[in-house]
Amino acid sequence: MASKYKRPTGTLDILPEDRAYWRFLEETIHDLMSIYGYLQIDVPVFEHTELYVRGVGEGTDIVDKEMYSFKDKGDDDLTLRPEFTAGIARAYVEHGMYKWPQPVKLYAIGPVFRYERPQAGRYRQHTQVSVEAFGEEDPALDFEILSLAHHLFDRLGFKRLYFQLNSTGCPVCRPRYIEALKAYYMEHYDEIDEDCKRRLKRNPLRVLDCKADQCQPVIAGAPKIIDYLCDDCRTHFDTLRGYLDAAGFKYVINHRLVRGLDYYTKTVFEVWAEGIGAQAAVCGGGRYDGLVEEIGGPPTPGVGFGAGWERIILAMKAQGIEPPPLPAPQVFVAHLGKEAKPKAVLLTATLRRAGIRALVAFGERSLKSQMREANRRGVRYTLILGEGELERQVVAVRDMQQGEQFDVPLDRIVEWLREHLQEQE
RNA sequence: GUGACCGUAGCUCAAUGGUGGAGCACCUGGUUGUGGCCCAGGAGGUUGGGGGUUCAAAUCCCCUCGGUCACCCCA
């Protein structure tokens, strides 16, 4: 039976068989955030388009071609959030959080939307946890953010991840660097490919992460941004590195690491995973000291990261990491005969009230068919209620693992199950 | 937006221009009321859709839709 409707391009159904991964991520994140003192915030799934145009920046791919924008019936220009940071920064300003004790440390979880061609680890709707800390420029806060990301992946069970670190400078020193980079590239103009020629005009920093073979020698000889950092940025970067080194935190300085969004300053970092295809970044972030002011708030530094759940789960699978299993049904109630059926239905209700994860057979089917179902559902015990059991006021309990069966008095069954199920925890 | 590859049963895949199958999964029976293993049977397809070539198309051609991967870029 071919289904008439299909999910839209780039969207995903998360089936029950995958849910354990999602639950694991969710619980791990909430637990960790409370340890680091981050508070959960929820912001709308859509915002005024202008917020993203200002916050993320015109000229970025996100704004130029990836936004799900629409006009609503009141003629407002709205956009499904393509990322969290701008919306959270907006909430920070709107609710006067700059009057709260600083830094204000927040995190949000939910779907984000970008109109892109899907591929491995890239979807039009994907799920992120976004972590943001506003109002503090101390590199110790950058360290905290990096540590948090590191800790998260540790907790999830990752062994093979690569932390990439760089500084992207600030409005004082970055223009100087870009000029130097452009000048260098103009000297090698005939050695680079068409894409890079275009990048040079639109977004020069991007030439650094070009993947074309012919550009690699040019990239290798390109000026490095850390040689151009102003004193402030340099001190910030060195102090952060000092913390990371002292903490024994493994990372590599990647001179080619640049971010696609305008608002990043100073610290930028990504976390890469093996085995999930070309989209290896499971986490990306950095400092964005200009963002809050850009969207109309007081000058406020900020630092944070976003991590994509679909990619993290792909990486977990690729590396053989299994989440703790979700609670499975423990008991199946089977019944035989017109009189036993209602008793079975009510018995099941009683078991559930007692906190036992119980299923009941629907319809009137052969015991064989009900047993088959019980087996498929993977329960430990099947309770069988028939005429004979009713007469004797017992229930036949079948241990599906041992293949043993015995009678338990009806008025003792809850207690019996509690005891025996607890033993197995 | 660009490129490559791929669309056959719920899933994984056969059928190389000549009657669309298998394995797994599902349902029923083999046992008056007993799962798994085994055996027997059953159900399930407009071969993604449309057009063309041909006596004949899952198969060849064109268009279209969808998927996958990669580029651009990003979680």
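Within every chain, numbering begins at 1; the chains are lettered A, B, ... in the order of the sequence lines, protein sequences first and strands thereafter.
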Classify [X] by what it touches in the nucleic acid, base, sugar-phosphate, or nothing, heavy-atom distance under 4.0 Å.
X      : result
A:I62  : nothing
A:E389 : base
A:S369 : sugar-phosphate
A:G403 : base
A:F305 : nothing

Comparing A:Q125 and A:P8 on RNA chain B - which has the more 5′ nearest nucleotide: A:P8
Would you call [X] and [Y] a salt bridge, using N to O less than 4.0 angstrom?
X      : Y      : answer
A:E144 : A:K105 : yes
A:R377 : A:E373 : yes
A:R155 : A:D31  : yes
A:K317 : A:D18  : yes

Say we look at [N] and [M]: how far apart would their [atom1] atoms be, to the nearest angstrom?
N     : M     : atom1 : answer
B:A75 : B:U64 : P     : 33 Å
B:A25 : B:C37 : P     : 7 Å
B:U47 : B:U19 : C1'   : 15 Å
B:C26 : B:G17 : C1'   : 35 Å
B:U68 : B:U53 : P     : 34 Å
B:A14 : B:G23 : C1'   : 10 Å
B:C5  : B:G51 : P     : 26 Å
B:G21 : B:G49 : C1'   : 24 Å

All N/O contacts under 3.5 Å from nucleotides 38-43 of chain B to the protein, with atom names and distances to one decimal?
none

Under-4.0 Å side-chain N/O to phosphate OP1/OP2 contact, A:Q119 with B:A70: yes
Any A:K65 side-chain N or O less than 4.0 Å from OP1/OP2 of B:G1: no
Would you indicate which nucleotide in [options] comes nearest to any side-chain atom of [X]?
X      : options             : value
A:A120 : B:G33, B:C69, B:C71 : B:C69
A:Q405 : B:U34, B:C73, B:A75 : B:U34
A:D61  : B:A75, B:G29, B:C73 : B:C73
A:L367 : B:A75, B:G33, B:C71 : B:G33
A:Q128 : B:G33, B:A75, B:U68 : B:A75
A:T9   : B:A75, B:C73, B:G66 : B:G66

Donor-acceptor contact below 3.5 Å, side chain A:R124 vs main chain A:E116: yes
Sidechain-backbone polar pair: A:N254 side chain, A:R256 backbone, donor-acceptor under 3.5 Å: yes
Residue-level proximity of residues 371-378 of chain A to RNA chain B when a heavy atom falls under 4.0 Å: A:M371, A:R372, A:N375, A:R376
Sequence neighbours excluded, every pair satisfying ring pair (Phe, Tyr, Trp, His ring centres under 6.0 Å) that has a member inside residues 185-223 of chain A: A:Y184-A:H188
Partner residues of A:H95 under the side-chain hydrogen bond (donor to acceptor under 3.5 Å, both in side chains) criterion, sequence neighbours left out: none
[atom1] of [X] to [atom2] of [Y]: how many Å apart, nearest 0.5 Å?
X      : Y      : atom1 : atom2 : result
A:H255 : A:I219 : NE2   : CD1   : 13.5 Å
A:K224 : A:L229 : NZ    : CG    : 13.0 Å
A:K197 : A:D190 : NZ    : CG    : 7.0 Å
A:T9   : A:Y115 : OG1   : OH    : 7.5 Å

Whole-Å distance separating the [atom1] atom of [X] from the [atom2] atom of [N]:
X      : N     : atom1 : atom2 : result
A:D209 : B:A75 : CG    : P     : 12 Å
A:E116 : B:C73 : CD    : P     : 12 Å
A:M316 : B:A75 : CE    : C1'   : 16 Å
A:Q279 : B:A70 : CD    : P     : 7 Å
A:L15  : B:G10 : CG    : C1'   : 12 Å
A:K6   : B:G48 : NZ    : P     : 10 Å

Neighbour count >12 (heavy atoms, 6.0 Å) for atom CD, A:E339: no
Secondary structure string for RNA chain B (Watson-Crick or G-U under 3.5 angstrom, | for other-strand pairs): (((((((..((((....[..)))).(((((.......))))).....(((((..]....))))))))))))....
Sole residue of A:I225, A:D227, A:T168 in side chain to side chain contact (heavy atoms under 4.5 Å, CB included) with A:Y177: A:I225
Polar-atom pairs under 3.5 Å, protein N or O versus N or O of nucleotides 3-6 of chain B: list them with distances, or write none.
unit_1 : atom_1 : unit_2 : atom_2 : d
B:G3   : O6     : A:R117 : NH2    : 3.1

base_contact_polar (B:G35 base, A:Q401 side chain, donor-acceptor, <3.5 Å): no
Under-3.5 Å donor-acceptor pair between A:Q370 side chain and B:U34 base: no
Geometric class of the A:F158/A:F153 ring pair [parallel <30°, tilted 30-60°, perpendicular >60°]: perpendicular
A:Y107 and A:Y38 aromatic centres sub-6.0 Å: no
